[in-house]
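Read through the structure below, which is laid out as structure tokens, and then see the notes.
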Amino acid sequence: MTLEHAIVAAQVFFLLYFLGLNGMYLLLNIMALPQVWNTLRIRSLDYLPQIYAGFEPPISILAPAYNEEATIAASVRSLLQLAYPEYEVVIINDGSKDGTLEVLRREFDLVPLHETFPARLETKEIRNLYGSLQHSNLRVIDKENGGKSDALNAGINVARYPLFCCMDADSILQRDSLTRIVRPFLEDPTMIACGGTIRIANGCKVQGGFLVEAGLPKNPLALFQIMEYLRAFLFGRMGWVPFNAVLIISGAFGVMKKDVVLEAGGYRTDTVGEDMELIARLHRIMRQKGVPYRIAFVPDPICWTEAPEDLKTLRNQRIRWQRGLGEALSLNRWLLFNPKAGAAGWLAYPFMYLFELFGPIIELCGYLFMIFCFVMGIGSMAAWYAFILLAFGFGILLSISALLLEELSFHLYPRFNHLVLLTLAAIGENLGYRQLNSWWRLVGVIRWLRGAPAQWGSMTRRAAWAGQMEETGADRAEGSHAVRLEETPVGK
Amino acid sequence: MGFGDSSDPVLHLVIQLGLGVLFTSFLMLGLVVLLRLRLSWEGRRREAFLKIWRPLMAEFATSEAGVPKDWVPGKTVSRADTMNFLGLWLYYHESLQGEAKEHLNTLARQLGMEDRLQSMFRRGGLRERLFAITALGHMRAASEWKTLWQMTISSNPYLSLASARSMVLIDPKEAMPLLAPLIGIRKDWPSPKVASILMEAGTAAISQPLADAILSATPEAARRLIRYLTATRTYDALPALRRILRESEDPDILAACLRSLSEFSIPLDLPLMREYAAHESWFVRVQVATGLGKFGVREDEEMLLRLLDDPEWWVRYRAAQALAEFPGMTEERLDEMIADLDGSPSGEVLVQAREERRIRIS
């Protein structure tokens, strides 16, 4: 093969890869549309007064907390106000070095509790278990630091109810979040896990610990992440639901059957992608056993989280996610093309390997290769334009398609200036942000391959919403474009 | 060199593809803007509609005479506003009771809604059909009975459940014998919604059909039906429950029946309940522990103390809770029991129950 042939082959390869990658994402968006559409139609009567008949399954909410003294009291108060008939809140203080435990003890009148429930999962040492004199459904575990997975396992050990909800202590829920996420379990007895859609809280207004006004942040990084979440985390994941091939349920908010997770051995503590690894493992174990099961996703915006607004925190997060992806996929590679693995092993797994895990490598090589060709005068300006058109054009198409899906479904950002900002973000994120992400993800892959020690790092949390507990509805948050969320209008 | 030659047909194809992609993006963006405009227009239309009809409908529903003072005969609702009307109408229907519902039905008939609803039921999309089915139920449209019954066996769980509810709204006594077997079979009907429908049907209509369905159901279906029977708090169900308890050997059914008896807490059932304290399945024993805690008598204290030694934690825990909450139980008596158990696992779980009791009392 001559050099010319090799270059042509490389060009064709990169071209086909870009087409394949973006084509798959587009297909997922298309698959997501009927799911979302159907969900909205089915829920069209939800605005009517609902009666709790006492059949809703009780849920244990497990929220690990590490150095959260600034926000933990507000978080717990909002969790205790959810509109759900029976649930408990278990906060796991994972060896915080600040005053998290003291704040909890003071604010909720904690007293030591004697616990005899046999722990089935090994965890770091539990120092104490507390109950609250104010709220009988609140318990706090104080333990040695062991990381998020270890904390969740400790929570599972003491959880009383058949379903548990894993979440981050600073996730912002809506009052009906539990009601919505438990629905798939009521409609399908084979459901073992269900994920909730995570939205970005930056720029939103929170009142009493609940989100009341959706808004857009001024920070461009946060804006780009809003588009990214819409594209990849909402519609990208919904597309896998009909195939029963959802491989990721975010640790920020998800509900699972406790006995199934206990049988599977709980969360692994030797990976930073513990949420994805557990779901992949559940797929693997259920497929190996030949037991009918489903893992689903609700498209409703029911959990809000703060996205990083500085490059350093975002970088650490993306490196960690990519590394976690690699670990989760390799730990459960039995699924890959296994005859028993169904769509999870024949569609989702290859997709994750080819496009999500190793995709950044190929993507960056593609950019570098084309730049090299251009600089060395190999190929014409036309080829260069063609590559740019495809690389950026498809990216913009995907982002705009996510915007279209959002408009057809939840339209959480109803103002026209929101639309303008989101459109600019949809275009802008393809002009450097995605490429930067690809670079970070490449770093994550390298670290995974090298087996470097995993680090969570720390996130600079503004948690501006935690100080908004007492604001009235007439107030407006500064530095955002906030609009009050409406109740579902009558007849809509 | 490469396919970079500007005369290369592949390159042309790629460029056209890229341009096509960009063009599609612009089209989509245009669609987003159109959708936003449409949403905005629909929102304004809805607000304008509600501004007129909200007070009008409220007055119509709650007025003793049933017709507002400034009611203009011949007032209509345009087809475009049908869903707006139904949305408001259903909200009031679900919120109000008694005569107000009849007034709302009169209003709907005067406006010719029944024909529109029948048309929506047969030809509408999912949302229109759900609204129509629910509204026809509230209007007690007996003419739709057969079609609703056919819909209850539809593979779509939402349409089928809505149809079941409407049948109950139209005639609960006729509906329940038909629906009771379905309730046991349809695992895709969310149990909270089924329970709500049964509550709407009323105890007189549901107890016998549910009891009959339980006796002829598979074990899995029977378990579901027993739970519903209990939730409706109908004492007419007790004879059926006792009979099933005596005749069944399935542990899940036994547990469901014992749980139901606990809910009713009839002292007459205590001897029956005690018979299962040593059952081989722990989830039967746990129901005994729970039941004795709810309506046991002083003499059952010994039995609960024995259950503290059960190999299954949940049985021990429920027995401990039952003891801690026993009528007349005091802190001192609990302390004595704990001291007698002297640090054993039974004593430990009783300590836990005592501490939880303190938290509840505080």
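Chain naming here is simple, since letters A, B, ... match the order of the sequence lines and numbering starts at 1 in each.
Interface remark: A:Phe185 contributes no atoms to any contact with chain B (heavy atom separation under 4.5 Å). Contacts between B:Phe85 and chain A at a heavy-atom distance below 4.5 Å are absent for every atom of the residue. Contacts between B:Trp189 and chain A at a heavy-atom distance below 4.5 Å involve the backbone alone (N, CA, C, O). Interface residue B:Arg227: backbone and side-chain heavy atoms are both found under 4.5 Å from chain A. At a 4.5 Å heavy-atom cutoff, the contact between A:Ser132 and chain B is made by backbone atoms alone. Residue A:Pro57 does not touch chain B at all, counting heavy-atom pairs closer than 4.5 Å. Proximity to chain B is limited to the side chain of A:Thr423, based on heavy atoms less than 4.5 angstrom apart. With a threshold of 4.5 angstrom between heavy atoms, A:Ile427 does not approach chain B through any atom at all. For B:Leu198, no part lies under 4.5 angstrom from a heavy atom of chain A. Residue A:Phe392: no heavy atom, backbone or side chain, is found under 4.5 Å from chain B. Both the backbone and the side chain of A:Arg160 come within contact range of chain B, each with at least one heavy atom under 4.5 Å from a heavy atom of that chain.
A donor-acceptor pair is defined here as one N or O able to donate and one able to accept, closer than 3.5 Å; such a pair exists between the side chain of B:Glu355 and the backbone of A:His114. At least one donor-acceptor pair closer than 3.5 Å links the side chain of B:Arg36 to the backbone N or O of A:Arg415. Between the side chain of B:Glu94 and the main chain of A:Leu48, no donor-acceptor pair closer than 3.5 Å is present. Using modelled atom types, one side-chain atom of A:Tyr47 and one backbone atom of B:Gly87 make a donor-acceptor pair closer than 3.5 Å.
For the pair B:Leu37 and A:Phe416, the minimum side-chain heavy-atom distance is below 4.5 Å. Considering only heavy atoms from C-beta on, A:Leu404 comes within 4.5 Å of B:Leu35 through its side chain. Contact annotation: the side chain of A:Ser401 approaches that of B:Met28 to within less than 4.5 Å [non-hydrogen atoms, C-beta and beyond]. A:Leu389 places a side-chain heavy atom less than 4.5 Å from the side chain of B:Leu22. Taking 4.5 Å as the limit, every side-chain heavy atom of B:Lys193 sits out of range of all side-chain heavy atoms of A:Leu186. Side-chain contact between A:Leu422 and B:Val32: absent, with no pair of heavy atoms (C-beta onward) separated by less than 4.5 Å.
When only modelled atom types and interatomic distance are considered, B:Glu348 and A:Thr116 share no side-chain donor-acceptor pair under 3.5 Å.
To the nearest 0.5 Å, atoms OG (A:Ser44) and CG (B:Leu86) are separated by 11.0 Å.
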*Check the pair A:Arg41 / B:Leu130 against side-chain contact (heavy atoms from CB on, under 4.5 Å), numbers first and verdict last.*
CA-CA 9 Å; A:Arg41 292 289 159 267; B:Leu130 282 172; 5.8 Å; no

*Apply side-chain contact (heavy atoms from CB on, under 4.5 Å) to the pair A:Leu19 and B:Leu17, showing each step before the final yes or no.*
CA-CA 10 Å; A:Leu19 279 173; B:Leu17 183 61; 3.4 Å; yes

